[in-house]
Amino acid sequence: MRIDAVTIFPDYFKALDLSLLGKAREKNLINFEAHDLRDYTHDKHKTVDDSPYGGGAGMLMKPEPWGEALDAILPEDGNCTVIFTSPAGEQFKQATAYELAKEDHIVFACGRYEGIDQRVVEYAATKARVRLISLGDYVLNGGEVAAIAMTEAIVRLIPGVIGNAESLVEESHSDGLLEYPSYTKPANWRGMDVPEVLTSGNHAAIAAWRKEQQIERTKKVRPDLLGE
């Protein structure tokens, strides 16, 4: 998979080299590159924003540098998905990560200020598949944090990235429920014991206990996942 990110802060993405993405790049499972949007400007100040038509608070990212960046990065065959990180988009979920993990090429368009000129989204849609995706119901200073979080969620689902693929099946949200609580040695720590069922060796009982814990935790913390 190839992943590109267009941003005015490319150094943000250096953090990904410390994660599984860095190992995936070493294995040639992922090709990742962060592009500086200012490289596609032509004035001495490398301007990427201007005031919005119709008035309003803040500045808006200009279409010209975005157009040149997309022209340089997007493939001619259109086999690519451009993700505009936006609080106005669909909510990113584990199911979204699974969908995107099947893509060959993803480009993250990381907005700043009050966002990106809408014509950039419309232009991108003529060159590739486009999705507006929100990390959650809140507003960040820019799209970089959202793009990093989505990248980690997507990349770890690519075969060969996670050492123990079975762990993906048991994670939170993989089956619509939150993950069960986990324990390791010692069996007693500061007066607190590991649940007896986990040391019983009875795998059927352990599986039943874990499922029960998933349901109870989900009811308590995220009842919306159960439609409650």
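Index from 1, following the sequence.
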Check K219, Q214, E216 against L177 for a side-chain contact (heavy atoms from CB on, under 4.5 Å) and give me the one that passes.
Q214
Between Y180 and L198, is there shared hydrophobic-cluster membership here, with clusters defined by ILVMFWY side-chain heavy atoms closer than 4.5 Å?
no
Looking at S134 and G136, would you say the former's side chain and the latter's main chain have a donor-acceptor pair under 3.5 Å?
yes
Is it the case that atom CG in D137 sees more than 12 heavy atoms from other parts of the structure closer than 6.0 Å?
no
Any Lys/Arg nitrogen of R112 or E144 sitting under 4.0 Å from an Asp/Glu carboxylate oxygen of the other?
yes
Ionic contact status for E99 with R131, cut-off 4.0 Å
yes
Minimum-distance pair of heavy atoms, taken over all atoms of N79 and D77:
N-OD1, 2.9 Å
Holding to ring pair (Phe, Tyr, Trp, His ring centres under 6.0 Å), I want the full list of residues that pass it with F32, two or more places apart in sequence or in another chain.
F13
Determine whether L70 and K127 make a side-chain contact, defined as any pair of heavy atoms from C-beta on separated by less than 4.5 Å.
no
Taking T81 for the side chain and R129 for the main chain, is one N or O donor matched with an acceptor at less than 3.5 Å?
no
Inspect the contact between R38 and D36 and indicate whether a charged nitrogen and a carboxylate oxygen are less than 4.0 angstrom apart.
no
Flag if over 12 foreign heavy atoms under 6.0 Å of CD, E76
no
Answer whether the closest heavy-atom distance between the side chains of K62 and V48 falls below 4.5 Å.
no
With side-chain contact (heavy atoms from CB on, under 4.5 Å) as the test, would you mind laying out the steps for D39 and E68 before giving the verdict?
CA-CA 10 Å; D39 290 341; E68 292 195 24; over 6 Å; no
Just wondering, do T85 and L140 contact through their side chains at under 4.5 Å, heavy atoms?
no
Beyond-backbone contact of V120 with M61, side-chain heavy atoms, under 4.5 angstrom
no
With side chains defined as the heavy atoms from C-beta onward, is the minimum distance between I3 and V155 less than 4.5 Å?
yes
Given side chains that start at C-beta, do those of M150 and L100 come closer than 4.5 Å, heavy atoms only?
no
Any donor-acceptor pair under 3.5 Å linking the side-chain atoms of D117 with those of Y123?
no
